[in-house]
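On a predicted model such as this, the values are computed, not experimentally measured, just so you know.
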Amino acid sequence: MINLYITLVLINLFFIFYFKNIAQYINLFDKPDNKRKFHKGKIANIGGCLIFFNLLIFFIYYLLNKNYFYSNNFNFSEKEFYIFFIFSFLFFVLGFLDDKFTISPNIKLFIFASIIYFFLIFSNNILVKQINFSFLSFSLDISKISFVFTLISFLLFINAFNMFDGINLQSGIYSLFLLVIFLIINFSVVIIYVLIFPLLTFIYLNYKNKCFFGDNGSLLISFILSFLFIKSYNSNYIIYADQIFLLMFIPGIDLLRLAITRIFNHKHPFEADRDHFHHNILRKIGLNNTLLIIFSIIIVPNILSLTLGGTLYFTLFSAILYFLLLFYFKKYY
């Protein structure tokens with residue numbers, strides 16, 4: 001494992017020094033349009049390339065060291081790991097093509113719904129068959145609708161995360177925070193440590209305004225995070241569904257609000273605009289203060305919930321705070 005981590009460190013250092021060359025070679029940049037995108041100059045749009053290349057290195061290392069992994073509680077069956085890698089690749093390719101050619105929202109939704117459908121066909125052990133809530137003394141049996149429920153869960157989080165990816169550092173730090181939560185609850189699968197390397201590299205480049213996630217990054221990492229959430233829940237590392245809901249709450253509630261607002265205004269629910277929660281705050285107080293506010297209402301309730309319990313109360317608190325802040329910043333825009 002030490003050899004793997006050393007290799008990943010070297011790969012990510014290489015990426016830091018040569019990310020421009022990589023972006024130029026594949027011709028993948030995000031250019032300002034002065035409508036939704038106001039950054040200066042073209043920015044390398046290759047966050048997903050960074051993450052996938054690290055996954056690829058891990059996959060090769062796995063193929064060469066299968067016996068080691070399975071003698072050290074790998075937490076993946078061989079079939080499960082192959083399926084996970086293949087479908088991660090498909091989401092990366094979909095995002096890459098969207099960044100290159102701009103796929104329409106309806107077609108993109110259909111394609112990644114289809115990808116998830118076939119992923120669940122091949123990985124039926126990932127289906128959620130019962131729901132436990134911290135405030136109920138019984139479990140809800142959803143085995144009859146487990147396929148549909150799991151598919152919708154993937155779709156909602158992937159779309160929510162994609163919408164959440166709107167300002168520098170936000171998606172990178174959020175992804176890293178979720179990985180840390182997995183480690184805190186002792187769900188220490190190797191893939192989490194592998195992902196930390198490219199996320200730290202991306203956060204550094206994103207902080208310097210030199211690299212964006214792009215759809216190739218947001219679709220890939222959101223699929224992986226969705227998979228890890230469901231796998232950890234089915235393995236009883238996360239006991240209650242409302243714990244997952246609280247972790248996903250801010251991206252999720254913003255997705256719901258924007259979808260309703262856009263439908264009401266006769267727009268596509270997943271059409272891009274600048275009415276996101278982070279955009280409304282950013283216009284008033286700038287990037288650093290925006291990030292401070294957003295991660296305060298994400299991190300603090302979740303840490304308190306893990307230590308004190310009472311997930312439902314912290315979710316209600318987050319909801320109230322979200323709408324109060326949204327009302328305040330929209331009012332004074």
Side-chain angles (χ1 to χ4, degrees), residues 3-64 82 84-105 107-108 111-112 115 158 161-162 164-173 175-176 191 193-225 272:
N3 292 335
L4 170 63
Y5 295 142
I6 291 174
T7 303
L8 292 177
V9 168
L10 294 176
I11 289 297
N12 284 278
L13 286 174
F14 175 85
F15 196 93
I16 288 174
F17 289 110
Y18 293 101
F19 73 93
K20 283 186 179 179
N21 304 71
I22 297 169
Q24 287 173 351
Y25 181 76
I26 59 178
N27 190 27
L28 197 59
F29 293 94
D30 192 294
K31 300 175 182 178
D33 58 13
N34 296 319
K35 294 179 180 178
R36 292 191 303 108
K37 305 174 182 181
F38 297 94
H39 50 274
K40 296 180 181 179
K42 60 183 185 179
I43 306 294
N45 212 20
I46 53 176
C49 299
L50 168 63
I51 293 171
F52 184 76
F53 195 66
N54 279 261
L55 281 179
L56 180 61
I57 296 298
F58 175 48
F59 183 70
I60 294 171
Y61 189 87
Y62 162 81
L63 292 177
L64 298 174
Y82 287 144
F84 165 77
F85 180 80
I86 291 169
F87 282 88
S88 295
F89 173 70
L90 292 177
F91 270 101
F92 165 67
V93 170
L94 173 61
F96 183 89
L97 293 175
D98 189 32
D99 288 326
K100 291 282 281 188
F101 305 111
T102 311
I103 303 171
S104 75
I107 293 175
K108 185 167 64 174
I111 293 173
F112 73 67
I115 295 173
I158 291 171
F161 188 96
N162 199 31
F164 191 67
D165 181 30
I167 59 175
N168 281 359
L169 299 177
Q170 184 167 255
S171 294
I173 294 175
S175 301
L176 188 62
I191 193 68
Y193 297 101
V194 171
L195 288 171
I196 287 174
F197 290 95
L199 280 176
L200 289 174
T201 301
F202 171 75
I203 288 170
Y204 170 76
L205 291 172
N206 193 225
Y207 171 74
K208 295 289 187 179
N209 203 38
K210 294 180 178 180
C211 182
F212 291 162
F213 250 152
D215 275 359
N216 66 93
S218 64
L219 292 184
L220 173 59
I221 193 66
S222 57
F223 168 72
I224 294 172
L225 290 171

Chemist: Is atom OH of Tyr82 surrounded by more than 12 heavy atoms (other residues, nucleotides or ligands) closer than 6.0 Å?
Modeler: yes
Chemist: For the atom pair CG (Asn3) and CG (Leu64), what is the distance rounded to the nearest 0.5 Å?
Modeler: 11.5 Å
Chemist: Within the structure provided, determine whether Leu10 and Phe14 are in side-chain contact (heavy-atom separation under 4.5 Å).
Modeler: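 No; the side chains remain at least 4.5 Å from each other.
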Chemist: Determine, step by step, whether Leu28 and Phe96 satisfy the side chain to side chain contact (heavy atoms under 4.5 Å, CB included) criterion, reporting the C-alpha distance in whole Å, the side-chain angles of both residues, the deciding distance to 0.1 Å, and the verdict.
Modeler: CA-CA 9 Å; Leu28 197 59; Phe96 183 89; 3.6 Å; yes
Chemist: Is any side-chain heavy atom of Ile107 closer than 4.5 Å to one of Ser104?
Modeler: yes
Chemist: Heavy atoms, side chains only, cut-off 4.5 Å: are Phe161 and Ile221 in contact?
Modeler: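 Answer yes - side chains close enough.
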Chemist: My understanding is that only one of Phe15, Phe213, Phe212 makes a ring-ring contact (aromatic ring centres under 6.0 Å, His included) with Phe202; could you say which?
Modeler: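 Of the listed options, the one satisfying the test is Phe213.
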Chemist: Can you check whether Cys49's main-chain N or O pairs, donor with acceptor, with Asn216's side chain at less than 3.5 Å?
Modeler: yes
Chemist: Less than 4.5 Å apart, side chain to side chain, heavy atoms only: is that true for Ser175 and Leu225?
Modeler: yes
Chemist: Sort and list the pairs that fulfil side-chain hydrogen bond (donor to acceptor under 3.5 Å, both in side chains) and have at least one residue in residues 46-57, not counting sequence neighbours.
Modeler: Asn12-Asn54
Chemist: side-chain contact (heavy atoms from CB on, under 4.5 Å) with Tyr5: which residues, sequence neighbours excluded?
Modeler: Met1, Leu8, Val190, Tyr193, Phe197
Chemist: Closest approach of Ile103 and Lys108, non-hydrogen atoms and distance?
Modeler: CG2-N, 3.7 Å
Chemist: Got a donor-acceptor contact below 3.5 angstrom from the Asn206 side chain to the Cys211 backbone?
Modeler: yes
Chemist: Output all residues satisfying salt bridge (charged side-chain N to carboxylate O under 4.0 Å, His left out) with Asp99, sequence neighbours left out; order by chain, then residue number.
Modeler: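 By the salt bridge (charged side-chain N to carboxylate O under 4.0 Å, His left out) rule, Asp99 matches no residue at all.
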Chemist: Side-chain contact test, heavy atoms from C-beta onward, threshold under 4.5 Å: evaluate it for Leu219 versus Phe92 and give yes or no.
Modeler: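 When only atoms from C-beta onward are counted, Phe92 and Leu219 do not touch, as no gap falls below 4.5 Å.
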Chemist: So Ile224 and Leu55, do their side chains get closer than 4.5 Å, heavy atoms only?
Modeler: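 The answer is yes; the side chains approach within 4.5 Å.
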Chemist: Minimum heavy-atom separation for Asp165 to Ser218, with atom names?
Modeler: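 Nearest pair, atom of Asp165 first, then Ser218: OD2-CB, 4.0 Å.
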Chemist: Going by the angle between their ring planes, with limits at 30° and 60°, are Phe85 and Phe59 parallel, tilted or perpendicular?
Modeler: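 Correct class here is parallel.
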Chemist: To the nearest 0.5 angstrom, please state how far the CG atom of Leu220 sits from the CG atom of Leu195.
Modeler: 8.0 Å
Chemist: Please round to the nearest 0.5 Å and tell me the distance separating atom CG of Leu4 and atom CZ of Phe58.
Modeler: 6.5 Å
Chemist: Just verifying a value: how many Å separate Thr201 OG1 and Leu13 CG, rounded to the nearest 0.5 Å?
Modeler: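 Spacing of OG1 (Thr201) from CG (Leu13) equals 7.0 Å.
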Chemist: Return the set of residues passing ring-ring contact (aromatic ring centres under 6.0 Å, His included) with Phe223 (not counting sequence neighbours), or none when no residue passes.
Modeler: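 Here the qualifying residues are Phe91, Phe119, Phe154.
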Chemist: Would you call Asp98 and Leu94 a side-chain contact if the rule is heavy atoms closer than 4.5 Å?
Modeler: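 Sidechains of Leu94 and Asp98: no contact.
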Chemist: Nearest 0.5 angstrom please: Leu176 CG to Ile196 CD1, how far?
Modeler: 6.5 Å
Chemist: In a table with atom names and distances, give each donor-acceptor pair under 3.5 Å that connects a side chain of residues 16-25 to protein atoms at least two apart or in another chain.
Modeler:
none

Chemist: Stepwise, does the side chain to side chain contact (heavy atoms under 4.5 Å, CB included) test hold for Thr7 with Ile11?
Modeler: CA-CA 6 Å; Thr7 303; Ile11 289 297; 4.2 Å; yes
Chemist: Answer yes or no: is there a donor N or O on one side and an acceptor on the other, between the side chain of Lys31 and the main chain of Ile43, under 3.5 Å?
Modeler: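 No, the answer is negative, given that no donor and acceptor are paired below the 3.5 Å cut-off.
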Chemist: Enter the distance from Phe112:CZ to Leu90:CG here, rounded to the nearest 0.5 Å.
Modeler: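 It is 13.5 Å, given to the nearest 0.5 Å.
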Chemist: Any pair with a residue in residues 197-214 that passes salt bridge (charged side-chain N to carboxylate O under 4.0 Å, His left out), sequence neighbours left out, goes on the list, sorted by first then second residue, please.
Modeler: none
Chemist: So do Ile115 and Phe87 actually touch side chain to side chain, heavy atoms under 4.5 Å?
Modeler: yes
